[in-house]
Amino acid sequence: MSLKNEIYKKNNNSFNFSLLFLVLVIILTIWLYWYNYYLGWVNNNLENEYIQKQKLVAEKKQQEKLKVYSLYITNKNTIDRLKKYSQIRSFINHLTYISNKYWVIFKWFSYSNWKLSTTVYTVSDSNKIDYQKTVEFLREYKKDKTALFNIEPIKWISTFESNQKFNITFKLK
Amino acid sequence: MLAIKDNKIKNLTIFLLTIFILLFFTKSAFYNMNELLDINNKNTQKVKNIVTQLNSLQKLEQDLKSWKKDKSIKYFMVSPNRSDLIQYFYDYSEDISNAWNSLFISNITFSKPSKSELGFMKENINLVVTISNKNVLNAFLTKLTSDRSEYRFFIPSFSFPNDNRNSWYTVTIPLILLYK
């Protein structure tokens with residue numbers, strides 16, 4: 001009798017376990033369906049939000065002043081550099097200033113790639129001999145705080161009677 | 001004995017039902033969830049990117065409102081056309097020319113506008129001018145590169161005799177115009 005009871009009990013337990021497993025599977029499935037529905041809803045909202053924001057971005061990008069300002073701010077350093085390198089008039093004036101200060105004569109003015117090339121003439125007079133003027137100019141200009149340029153090394157110098165002549169390349173500081 | 005047999009049948013039925021639900025409902029819902037999670041991740045990233053972009057544009061807009069240096073971008077706001085530019089140069093030439101000073105435009109060459117690496121439109125213009133003296137040249141170069149002028153040009157290179165002559169000379173001025 002007790003053996004029969006035990007078999008019956010065991011059978012009943014396994015039935016309960018199967019039932020519990022079925023219930024768990026049903027709960028999991030219902031939860032998955034609900035979660036998928038929720039994810040679908042969230043995705044829809046995200047899509048809508050994206051479309052709205054994209055419209056706003058497109059509207060703002062259409063504003064010309066904002067577009068120009070944005071480009072200006074992004075490239076400010078390059079634009080400032082371009083402006084500085086375009087100041088041809090101040091370079092010409094600077095050469096006149098150097099010419100008067102160091103008693104040298106510049107002939108020809110060629111500016112490209114931030115470099116200015118010119119030919120320098122020094123002429124002997126009652127105050128100084130040509131080479132003294134040359135040396136003084138090359139030595140002192142490097143120390144000059146108002147100098148706009150650095151001087152690149154000189155490749156040659158020629159002397160004819162009381163004149164000296166050499167080509168010089170200035171590089172914008 | 002009959003009850004035990006009955007229980008076994010119920011057990012089998014429940015087992016089969018569970019398998020059926022797992023195979024035909026739970027599995028597809030699970031795969032569907034993974035797919036939706038992927039889409040969700042992509043959408044979240046997309047929204048995050050566009051919000052960052054929008055925020056930076058809004059910040060720029062605010063900065064622009066409080067910005068006092070409008071003239072720094074004024075010259076990029078132009079929409080140049082060839083006839084306006086031609087008139088601009090020739091008008092200037094007419095305006096400054098008198099008995100002592102003269103500037104003649106000999107030649108203007110326009111290049112095809114293209115997008116510059118800075119993001120602005122770029123037009124290269126080559127001007128050939130004949131001028132009476134260095135002062136005229138200086139004034140013209142100032143006009144071309146001034147922020148207050150209608151058009152603000154950049155000059156990448158320039159050559160001239162610089163020999164203090166008092167006679168006429170002809171120079172070529174390559175100009176770059178950047179605009180919206």
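Below, read A as the first sequence line, B as the second, and so on, with proteins coming before strands; counting in each chain starts at 1.
Both the backbone and the side chain of K83(A) have a heavy atom closer than 4.5 Å to some heavy atom of chain B. With a 4.5 angstrom heavy-atom cutoff, Y35(A) touches chain B only via side-chain atoms. Neither the backbone nor the side chain of T74(A) has a heavy atom closer than 4.5 Å to any heavy atom of chain B. Looking at N36(A), the atoms closer than 4.5 Å to chain B (heavy atoms on both sides) sit in the backbone and in the side chain alike. If you measure heavy-atom distances from F154(B) to chain A, the contacts under 4.5 Å come from both the backbone and the side chain. No part of I30(A) comes within reach of chain B, as not one of its non-hydrogen atoms sits under 4.5 angstrom from that chain. Neither the backbone nor the side chain of N49(B) comes within contact range of chain A, judged by heavy atoms closer than 4.5 Å. The contact between N113(A) and chain B is made entirely by backbone atoms, counting heavy-atom distances below 4.5 Å. Only the side chain of L137(B) has a heavy atom closer than 4.5 Å to any heavy atom of chain A. Proximity to chain A (any heavy atom under 4.5 Å) is shown, for S56(B), by neither the backbone nor the side chain. In this structure, chain B has heavy atoms under 4.5 Å from both the backbone and the side chain of S70(A). When heavy atoms are compared at a cutoff of 4.5 Å, K60(A) approaches chain B solely by way of its side chain, counted from C-beta outward.
Taking K10(B), Q53(B), K27(B), E61(B) one by one and counting their heavy-atom pairs under 4.5 Å with chain A, the maximum is reached by E61(B). Between chain B and the residues L46(A), N43(A), L22(A), the largest count of heavy-atom pairs under 4.5 Å involves N43(A).
E140(A) has a carboxylate O that lies under 4.0 Å from a charged side-chain N of K143(A), or vice versa, which qualifies the two as a salt bridge.
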